[in-house]
Protein chains: 2
Amino acid sequence: MNKRIQNMADNRAKLITAARKAFAEKGYTGASMDDLTADAGLTRGALYHNFGDKRGLLAAVVEQIDSDMAMRAHAIGAKEQDEFQALLAEGAAYIRMALEPEVQRIVLLDGPAVLGDPSQWPSQSSCLQATRITIERLIAQGVIKTVDAEAAARLLSGAALNAALWIAASPNPQDVMPKAIEAFKLLASGLLKHDS
Amino acid sequence: MNKRIQNMADNRAKLITAARKAFAEKGYTGASMDDLTADAGLTRGALYHNFGDKRGLLAAVVEQIDSDMAMRAHAIGAKEQDEFQALLAEGAAYIRMALEPEVQRIVLLDGPAVLGDPSQWPSQSSCLQATRITIERLIAQGVIKTVDAEAAARLLSGAALNAALWIAASPNPQDVMPKAIEAFKLLASGLLKHDS
DNA sequence: AAATTGACATACGCCTCGTATGTTATTATC
DNA sequence: GATAATAACATACGAGGCGTATGTCAATTT
């Protein structure tokens, strides 16, 4: 029963899936809503009914990817014993994830350009929140210096983002990746109370 | 004599000026080429003849702003005696400049989304180059640890960029600005050989 | 002075977005 | 269980923007 809400949820999922592909491949502006809805076996009518407009669709896609990223990063960080090592591991994980075209194109390039500051997205950027919480814990533990956790999280994620852009655009990503991660760890170590 | 190339240069300048305003106010996508050319007292014909297409116009605008920024930042850094203090001052200057709507909207948001990675722009991102050179000098002087200068410059500028986005989007910029700059200095200090 | 160049204007077609209006299956009501 | 109402989605329409193809006239050349 309640076949309608079930169908609606299915169609929403279909549209988001098609949009992820279209946005990743052609970028936000380059993606045609007629094309991507047809790809999902629907029309623009469904899209506007479910998401309001093209931006709304992008917001839904971003939320999904961002939530995925936060889960993956958290899982990677959880493997580390040391909390600070977990922070570094999460950062490195973000850098690696940011190499995926879907993440880079949709979340890192078009997302901010179309939706504005990530901290004010509907999803409120799960990645950012996770990093901030980790930093707050490290401050409480006395491992890193007293600093505004939000600020530190923003700067670290920004550093990771640009590292990823650089790596992805470089002709030999495998070569520059370790340099970027090394630099990232160095910057992050600036937060430590005692030099390692 | 050579009235033609003079006129052409004038028209190019007019178009870039009008485009700076239009892009800053309405964003790249939101800016109409008919409107901004009319604003400059010309038509789209002049625009396509001079810049090829809309992207070409954005590239020209970005180059101009980027070059301005590098000059301003360099002037600010040059006031410092200590080279490392100069790096910090330049970073803080970038953060402050990134608060200007023109810089933020055009160079930091639409620029990467439309033109791709800044290090591969025609202008090659003067800001990035300047930071890299400063870092290379500091490495040579033995002030900061041996690190890939390009990587460190990219991450620092990325951190500054996100700091600016955060500040600009916050309801009370004056309040979060010092936090951002403090966090930036902390991260940068991670590059130092000896803890300060 | 006539011819040529080219910087720019004009005109056209295509595509895309958003809205307004239908249509039909599903659910609610009696 | 039949009818009415709802809403999810499709279809149709209009407006605007980009890029190109063509036209025009001033400036330079010969």
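No experiment lies behind these values; they were computed from the predicted model shown. Reminder, nothing fancy here: chain letters follow the sequence lines and each chain counts from 1.
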To the nearest 0.5 Å, tell me how far B:Leu108 CG sits from B:Met69 CE. 6.0 Å
Minimum side-chain heavy-atom gap B:Ile181-B:Arg96 below 4.5 Å: yes
Do A:Ile16 and A:Phe51 touch side chain to side chain, with heavy atoms closer than 4.5 Å? yes
Output a table of donor-acceptor pairs, distance under 3.5 Å, between side-chain atoms of residues 162-173 of chain A and any protein atom two or more places apart or on a different chain; print 'none' if there are none.
residue	atom	partner	partner atom	Å
A:Ser170	OG	A:Ile167	O	2.9
A:Asn172	ND2	A:Asp175	OD2	3.4

From the candidates C:dC8, D:dC9, D:dT20, the one with an atom nearest any side-chain atom of B:Asn50 is C:dC8
A:Leu57 CG - C:dT16 P separation (whole Å): 16 Å
Close side-chain approach of B:Glu150 and B:Asp148, heavy atoms under 4.5 Å: yes
From CD of B:Gln6 over to C1' of D:dA26, roughly how many Å is that when rounded to an integer? 16 Å
For B:Gln6 and B:Asp10, does a side-chain donor sit closer than 3.5 Å to a side-chain acceptor? yes
Any A:Asn7 side-chain nitrogen or oxygen under 4.0 Å from OP1 or OP2 of D:dA8: no
Between C:dT5 (P) and B:Ile5 (CD1): distance, integer Å: 19 Å
Mind listing the residues from residues 25-41 of chain A sitting with a heavy atom below 4.0 Å of DNA chain D? Number order is fine. none
From CE of B:Met8 across to C1' of D:dT28 the rounded distance in Å is 15 Å
Please pick, from C:dC8, D:dA10, D:dG19, the nucleotide with the shortest atom-to-atom distance to any side-chain atom of A:Thr43. D:dA10
Side-chain atoms of B:Arg44 come closest, of C:dC8, D:dC9, D:dG19, to D:dG19
What distance do A:Tyr28 atom OH and A:Leu57 atom CG have between them, rounded to the nearest 0.5 Å? 8.0 Å
To the side chain of B:Tyr48, which of C:dA9, D:dG19, D:dA12 is closest? D:dG19
Could you state the atom-to-atom distance from CZ of A:Phe51 to C1' of C:dG18 in whole Å? 17 Å
Quick one, B:Met8 and B:His49 - any side-chain contact, counting heavy atoms below 4.5 Å? yes
Just compare D:dC18, D:dA26, D:dC9 and give me whichever is closest to any side-chain atom of B:Lys54. D:dC18
Flag for B:Ser119-B:Asp117: side-chain donor and acceptor within less than 3.5 Å: yes
So, applying side-chain contact (heavy atoms from CB on, under 4.5 Å) with B:Leu187, which one of A:Leu186, A:Val147, A:Leu155 is it? A:Leu155
Tell me the interatomic distance from B:Arg12, atom CZ, to C:dA7, atom P, rounded to whole angstroms. 11 Å
Can you give me the bend angle of the helix from C:dA1-D:dT30 to C:dC30-D:dG1? Use the axis through the first five pairs and the one through the last five, nearest 10 degrees. 10°
Heavy atoms under 4.0 Å, any strand shown: does B:Leu47 hit a base, just sugar-phosphate, or nothing? nothing
Verify the contact: side-chain N or O of A:His49 to OP1 or OP2 of D:dA8, cut-off strictly under 4.0 Å; return yes or no. yes
Are B:Asn2 and D:dA27 close enough that a side-chain N or O sits under 4.0 Å from OP1 or OP2? no
Nearest of D:dA26, C:dC8, D:dC9 to any side-chain atom of B:Arg4? D:dA26
